[in-house]
Structure formats: C-alpha cells, structure tokens
S.K.: 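I have a structure I would like to understand better, so I am pasting it below and will then ask my questions one at a time.
Residue indices begin at 1 and follow the sequence shown. FYI, side chains are in, hydrogens and waters are out, and symmetry mates aren't considered; it's all heavy atoms of this structure.
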Amino acid sequence: MADIIQLLPDNIANQIAAGEVIQRPASVVKELVENAIDAGSTEIKLIIKDAGKTLIQVIDNGKGMSVTDARMAFERHATSKIKTANDLFSITTKGFRGEALASIAAIAHVELLTRQQDQEIGNKIVIKGSKLEKQEVIECSVGSQFSVKNLFYNVPARRKFLKSDPVELRHINDEFIRVALAHPDVFFSLFNNGNETYHLPPGNIKQRIVNIFGKNLDSKLLPIDEDTDVIKIEGFVGKIEASKKSSAEQFLFVNQRYIKSNYMNHAIKSGYDLLLQKDQYPVFFIFMEMDPARIDVNVHPTKTEVKFDEERLIYNYLRVSVKHALGKYIVSPTLDFETDTNFVSAHSPQTNLGNSNTGMSDGRPKSDNWTQRDYSNDASNLQKENLKSWGKIYENIGTDSTPNPIQNEITFESSASQQNTVNTKEREPYQLHNQYIISHIKSGYLLIDQHLAHQRITYEANLKAFKTNSLPVQKELFPTNVEFDASKAETVRELLPLLNQIGFEIGEFGNTGFIIHGTPSGMVQGTSITTVLEDMIYQYQDNLELQLGIEENLARSYANVASIKRGKHLSVPEMKKIIDDLFACETPFSSPSGKKTFMTVALDDIQKYFG
C-alpha cells in the first residue's frame with residue numbers, strides 16, 4: 001500500500017497558521033505595531049484604509065533590518081527574540097514565536113521598506129501569498145515600513161466573514177489603544193482613510209489616558225501605587241461616577257503587555273466592595289511589573305492570555321491595592337432612610353409623569369446616588385456626616401404615620417361582584433420591590449418588569465421617530481459640553497442626523513467635542529444627559545457585532561440606557577402610563593433584546609396552589 005502522509009508546502013502551512021494568528025485586520029495591526037515596539041521605535045504611525053481590508057501600513061523609526069534579516073523575517077519560526085528554550089521563561093519582548101510575518105505574508109500582499117542606522121541605503125521586499133516577488137536596494141528612512149494590502153485575497157471564505165467596516169475599525173482602534181497605553185513614552189498616530197484619528201505625543205501614563213479618552217476622565221481617576229517583593233502595581237482606577245455600562249475602559253497590563261483575565265478583573269471589581277451596582281463596570285488602567293519567570297505568556301498565539309505562578313496571591317494584591325486607592329478618598333453612599341424599597345404603597349407621594357411616551361420622573365432611587373470627597377485633611381467632618389445620617393433612623397420613633405399598603409389598597413369582593421359586576425372602586429396597580437408592576441386583570445393579574453417594558457416603549461417610539469420626526473425636543477437652559485475619545489467621537493459624528501431625529505439637538509464643538517442644546521422631552525428627569533449619551537454610544541458600538549442596522553441599533557441602544565431602571569419608585573399614574581403604552585406597542589410581549597416584558601398569573605393557578 002502506498003504511503004499517504006506527506007509534508008505540507010510552506011504556503012499551505014502558513015495559511016493554516018494564519019487562521020489562528022491573523023483573525024481579522026486588527027490582528028495584523030497588533031503584530032506589526034508590537035514588532036515596531038520591539039525594534040526600539042520612538043515614533044509609530046499607523047495608516048488604515050477601508051478598515052484594514054484595503055491597506056494596513058505601519059511606519060516606525062526603529063533599528064531596521066539588514067538584507068538577510070529582512071528576508072528571513074518572513075520565514076516560519078524565524079525570530080530574533082529567543083534563541084534557546086530557557087528564553088521562553090524570561091520573555092520581555094512583545095513577540096517571540098516567529099509566526100506573525102509568515103502568516104501575514106501567506107494571506108496578503110506585503111511590501112517592506114527597511115534601513116538600518118549605519119547603512120546609507122535600504123531594502124525593499126514584496127511578497128504575495130508567501131511567494132517572494134521582488135527584493136531590491138532602495139532609498140528609504142531609517143526604520144521599517146510595512147504595507148499589507150488586500151488581506152485574505154486568497155482566502156475568500158475568511159474575507160467574506162469579516163464584519164462591517166465600523167466593526168473592524170473598532171477592533172483596530174482597540175488594539176492600537178492597548179499598545180499606546182502600554183508605551184506612553186512613544187509617539188503614536190493613526191490615520192483612517194486620510195483623516196488623523198489619534199495624535200498621541202509622548203508623556204506620562206495619565207497624559208496618555210486623557211489624550212485617548214478625553215479630558216472628562218482626568219478628574220475621575222485615582223492613582224494606585226503598591227510595591228511588594230512579588231509585584232509592583234501602579235496606574236489608575238476610576239471613581240464611582242466614572243463607572244460604565246460596559247467593560248470597554250478596563251485595561252490590565254503585565255510587564256507592558258495587555259492581558260485578558262476575568263479572574264484578575266474580578267479581583268479589581270471586588271476591591272470596590274458594594275460601591276458598584278451589578279450592571280456597572282469600574283474604569284481602570286492598571287500596570288503590573290513582575291519577574292518574567294513568574295508568568296507564562298506562551299499560552300496562545302495572540303499572547304493576551306497569561307498564567308501566573310502564584311495566581312491567588314496576585315489576585316489578593318490587586319484587590320487590596322484597589323481598596324487602598326479608594327480608601328485614600330473616602331467613598332461612601334448617600335443613604336435615604338425614609339424610603340421603603342421593598343413594597344411601596346400606590347398612594348405614596350411621587351413626582352409628576354413626563355409628557356411623552358417615554359417620560360418618567362427622576363433618574364434613579366436616592367440609594368443609587370454616590371458622593372465622593374477627600375477627607376484626608378479633615379477627619380472630623382466624616383464623623384459629623386455619619387452622625388447626621390444615622391440620626392435620621394430615630395427621627396420618627398414612636399409615630400406610625402405610614403399607611404398600611406395592604407389595608408388601604410386591597411378590597412375584598414363578594415361572590416356577586418366576581419360575576420362580572422362593576423366595581424365601584426377602580427383596582428389600581430401596585431409596585432413590587434420597586435422593580436415590578438402588579439396589575440389586575442379579569443382572570444388574575446399581570447406581573448410587569450418596569451425596566452424591560454419601558455425599553456420596549458422607548459424602542460418603538462424611537463423607530464417611529466426615525467420615520468416621522470415626531471419626538472419633541474426639550475431645550476436646555478444651559479448647553480452641555482461633552483467630549484469623547486477619537487473613535488467614539490467619529491461614531492457620534494456619523495449618528496448626528498439620527499440623534500437629532502429622536503429628540504436630541506447636538507452640534508459639533510471641536511475635534512472630539514459636542515455641544516448639546518436639547519434632549520428628548522420624555523427623558524427621565526434628573527438623568528445626566530452626558531451619561532446617557534456616553535452609555536448610548538458604548539452600547540451602540542457593542543451592538544455593531546450584531547449587525548442590526550443603524551436605526552435599529554441606535555433605537556435599541558437608547559432604549560437600553562434611557563429607560564427607567566429596576567429600583568425606581570413609580571407613582572400610580574406612572575405605572576398606569578407604562579401599562580397603557582406597553583399594550584399600545586406593536587410587540588408588547590418582549591423587550592428589544594427578546595426578554596419577556598410581563599407574565600400572566602391566572603386566578604385558577606393561585607387557587608390550585610392553595611389546594
């Protein structure tokens with residue numbers, strides 16, 4: 001029988017390797033920019049066209065390569081980073097596996113211009129699909145210039161499954177930002193389709209954070225600095241008001257390498273104890289330095305997963321470091337001792353209902369508001385404030401002025417009244433645990449999730465507004481300025497016409513800034529328009545992966561962040577309006593994300609339960 005096992009040709013082996021190393025244009029950006037860092041560059045320029053599908057170009061001023069090295073760099077497992085197996089246990093460079101350039105060259109057209117400092121002329125290499133097309137002497141600047149064109153040109157299935165340009169561009173921005181944060185002493189710039197998106201001069205880490213994410217974050221960062229025999233931890237954690245609805249601004253680095261670790265992220269969040277709600281994510285930029293022999297970065301080709309020698313110890317160091325950083329600035333909740341958050345009477349005094357379909361009063365319960373002050377210079381003030389707060393508990397002892405919600409609201413009907421006779425008193429809805437609305441129906445009752453129900457109402461109102469421009473604008477007495485990082489500012493700029501259709505009145509104010517003159521008149525009163533807009537853009541960018549379409553994505557994002565929350569106390573008119581508006585929707589049974597908005601509990605089922 002003939003032999004059937006054979007060695008694969010290099011071009012096929014490289015394509016197979018590329019499937020793991022190069023997953024999308026952002027993977028090429030990561031590998032090339034990290035190579036530029038390893039080459040000792042102080043200036044790195046990234047040029048992108050069509051979200052990297054047409055061109056990815058990285059220009060650096062590093063040490064460059066010789067004629068032989070330039071050619072060898074595209075061979076599999078060719079690297080200058082390690083020489084022996086022992087080097088794997090003390091890796092200090094970004095790359096070391098020798099797979100990236102060979103993988104890129106297997107699935108794209110690659111052009112390299114490179115020159116070393118002590119050479120008068122440089123070299124040019126052109127490779128297409130792992131095949132060397134040209135190698136010649138050329139005049140060029142010191143450093144290296146990689147141009148990757150027509151990515152996945154010979155792997156049409158991979159190119160077909162790339163996401164839309166905004167999605168791929170977001171992944172490119174993410175990779176660019178991670179490397180730029182890890183190296184604040186290096187100048188970075190990013191050009192997208194001819195427009196400069198990022199211009200990041202060298203500086204310290206806080207300057208780099210502010211240059212990327214905007215000046216609004218500057219005052220919301222707390223320094224973290226702990227040095228032990230095992231690990232050095234420094235960077236910044238966000239104050240409570242800086243928390244987000246997504247984990248987009250969470251960055252953890254080990255020896256200047258960005259890593260992904262749910263375990264370590266949990267350590268950081270646990271350092272906040274109960275200061276954050278379940279759906280809030282802290283902002284942090286944390287840099288850990290430790291002996292390279294204590295970690296293993298050779299876990300996955302992307303090199304974002306690492307294993308720690310003493311993982312539990314590092315977890316505790318992170319958690320305690322965060323607690324220390326927060327502890328220097330006393331962070332405590334403003335407690336409202338007068339509100340019953342479990343079962344609220346329908347006749348409790350409340351604020352007025354908003355005017356539009358999506359209108360609600362107040363932003364969220366007082367117990368969700370947090371104040372933050374630095375009492376390091378005046379410890380007695382903290383004691384005074386605590387005494388005032390705890391004193392409220394005893395203000396009304398001996399009095400019983402709170403009506404019994406069950407006694408006042410529930411009426412017993414005779415058997416005659418159950419036989420389709422008219423009740424003289426309308427049965428009003430109740431609120432359960434400030435989360436659910438209970439509404440009587442003939443066959444039993446409805447249990448409505450107020451947050452999901454209001455999401456559906458807001459979502460459909462916005463979809464209609466895109467067609468009719470029917471949502472009125474509430475003019476701001478004083479215009480509000482808001483600033484985004486470069487990528488989000490570009491998203492807002494693209495969405496401005498649609499944002500104005502659903503009741504916003506927003507204009508550009510500088511490169512990454514915007515000015516808000518008006519908001520949808522039905523927006524929850526007391527809500528921060530800046531927070532709503534920021535959270536909406538975060539949500540919109542996260543939803544890009546779902547490929548919903550621009551209008552549906554924006555409507556869903558706004559509904560998710562602007563709808564009333566669980567824990568919000570509602571008056572009877574507010575509850576009635578939610579019920580009426582929900583069942584006036586085209587699809588009242590589910591939220592925009594497909595979750596049930598209400599459930600029906602039949603009287604017969606209740607009777608069966610009690611036998």
S.K.: With respect to Val33, which candidate in Asp38, Val186, Val58 satisfies the side-chain contact (heavy atoms from CB on, under 4.5 Å) definition?
M.R.: Val58
S.K.: Hydrogens and angles aside, do Thr531 and Asp535 bring a side-chain donor and acceptor to less than 3.5 Å of each other?
M.R.: no
S.K.: Classify the ring geometry of Tyr315 against His266: parallel below 30°, tilted from 30° to 60°, perpendicular beyond 60°.
M.R.: parallel
S.K.: Could you walk me through whether Tyr198 and Ser487 pass side-chain contact (heavy atoms from CB on, under 4.5 Å), step by step?
M.R.: CA-CA 9 Å; Tyr198 289 101; Ser487 65; 3.7 Å; yes
S.K.: Between the side chains of Ser66 and Thr68, does any donor sit under 3.5 Å from an acceptor?
M.R.: no
S.K.: Nearest 0.5 angstrom please: Ile550 CD1 to Asn543 CG, how far?
M.R.: 13.0 Å
S.K.: Taking the basic N atoms (NZ, or NE/NH1/NH2) and the acidic carboxylate oxygens, is any pair closer than 4.0 Å for Asp218 and Lys215?
M.R.: no
S.K.: Just so I know, are the side chains of Glu490 and Thr197 near enough to count as touching, which here means a heavy-atom distance under 4.5 Å?
M.R.: yes
S.K.: Please round to the nearest 0.5 Å and tell me the distance separating atom OG of Ser41 and atom CD1 of Ile59.
M.R.: 11.5 Å
S.K.: Under the salt bridge (charged side-chain N to carboxylate O under 4.0 Å, His left out) criterion, do Lys53 and Glu168 qualify, and how do the steps go?
M.R.: CA-CA 9 Å; Lys53 299 171 186 176; Glu168 297 300 340; 6.0 Å; no
S.K.: Between Arg178 and Glu175 (salt bridge meaning N to carboxylate O under 4.0 Å), is one present in this structure?
M.R.: yes
S.K.: Identify whether the distance between the nearest side-chain nitrogen and carboxylate oxygen of Arg294 and Glu310 falls below 4.0 Å.
M.R.: yes
S.K.: Using the side-chain hydrogen bond (donor to acceptor under 3.5 Å, both in side chains) rule, take Thr42 and Asn61 through it: C-alpha gap first, then chi angles, then the decisive distance, then the call.
M.R.: CA-CA 7 Å; Thr42 59; Asn61 66 342; 2.8 Å; yes
S.K.: With salt bridge (charged side-chain N to carboxylate O under 4.0 Å, His left out) as the test, would you mind laying out the steps for Glu305 and Lys260 before giving the verdict?
M.R.: CA-CA 6 Å; Glu305 299 177 24; Lys260 295 179 180 178; over 6 Å; no
S.K.: Quick one: are Thr491 and Gln541 in side-chain contact, heavy atoms under 4.5 Å?
M.R.: yes
S.K.: Report yes or no: is the cationic atom of Lys45 (NZ for Lys, CZ for Arg) under 6.0 Å from the centre of the six-membered ring of Phe188, at an angle within 45° of the ring normal?
M.R.: no
S.K.: Are side-chain heavy atoms of Phe74 and Leu112 found at a separation under 4.5 Å?
M.R.: yes
S.K.: Hey, is Glu311 close enough to Lys307 for a salt bridge, meaning N to O under 4.0 Å?
M.R.: no
S.K.: Is there side-chain contact between Thr458 and Ser563, with heavy atoms separated by less than 4.5 Å?
M.R.: yes
S.K.: Is the closest side-chain heavy-atom distance between Leu181 and Phe253 below 4.5 Å?
M.R.: yes
S.K.: Quick one, Lys63 and Gln116 - any side-chain contact, counting heavy atoms below 4.5 Å?
M.R.: no
S.K.: Passes side-chain hydrogen bond (donor to acceptor under 3.5 Å, both in side chains), Gln145 versus Thr114? Steps please.
M.R.: CA-CA 6 Å; Gln145 176 178 315; Thr114 184; over 6 Å; no
S.K.: Just checking Phe514 against Phe509, ring centres under 6.0 Å apart?
M.R.: no
S.K.: State which residue, out of Thr530, Ile529, Ile515, Thr512, fulfils the side-chain contact (heavy atoms from CB on, under 4.5 Å) condition with Val482.
M.R.: Thr530
S.K.: Run the numbers on Asn560 and Gln455 for side-chain hydrogen bond (donor to acceptor under 3.5 Å, both in side chains), then give the verdict.
M.R.: CA-CA 6 Å; Asn560 186 54; Gln455 274 191 0; 2.9 Å; yes
S.K.: Does Lys488 pair with Glu534 as a salt bridge, N-O distance under 4.0 Å?
M.R.: no
S.K.: Does the side chain of Arg24 reach to within under 4.5 Å of the side chain of Lys163, using non-hydrogen atoms?
M.R.: yes
S.K.: Ignoring hydrogens, what is the shortest heavy-atom contact between Ile48 and Leu46? Give both atom names and the distance.
M.R.: CD1-CD1, 3.8 Å
S.K.: Here's a test for you: under ring-ring contact (aromatic ring centres under 6.0 Å, His included), which of Phe213, Phe284, Phe287, Phe236 qualifies with Phe251?
M.R.: Phe213
S.K.: Strictly by modelled atom types, are Gln539 and Ser557 linked by a side-chain donor-acceptor pair under 3.5 Å?
M.R.: no
S.K.: In the structure I gave you, are the side-chain heavy atoms of Ile138 and Leu113 within less than 4.5 Å of one another anywhere?
M.R.: yes
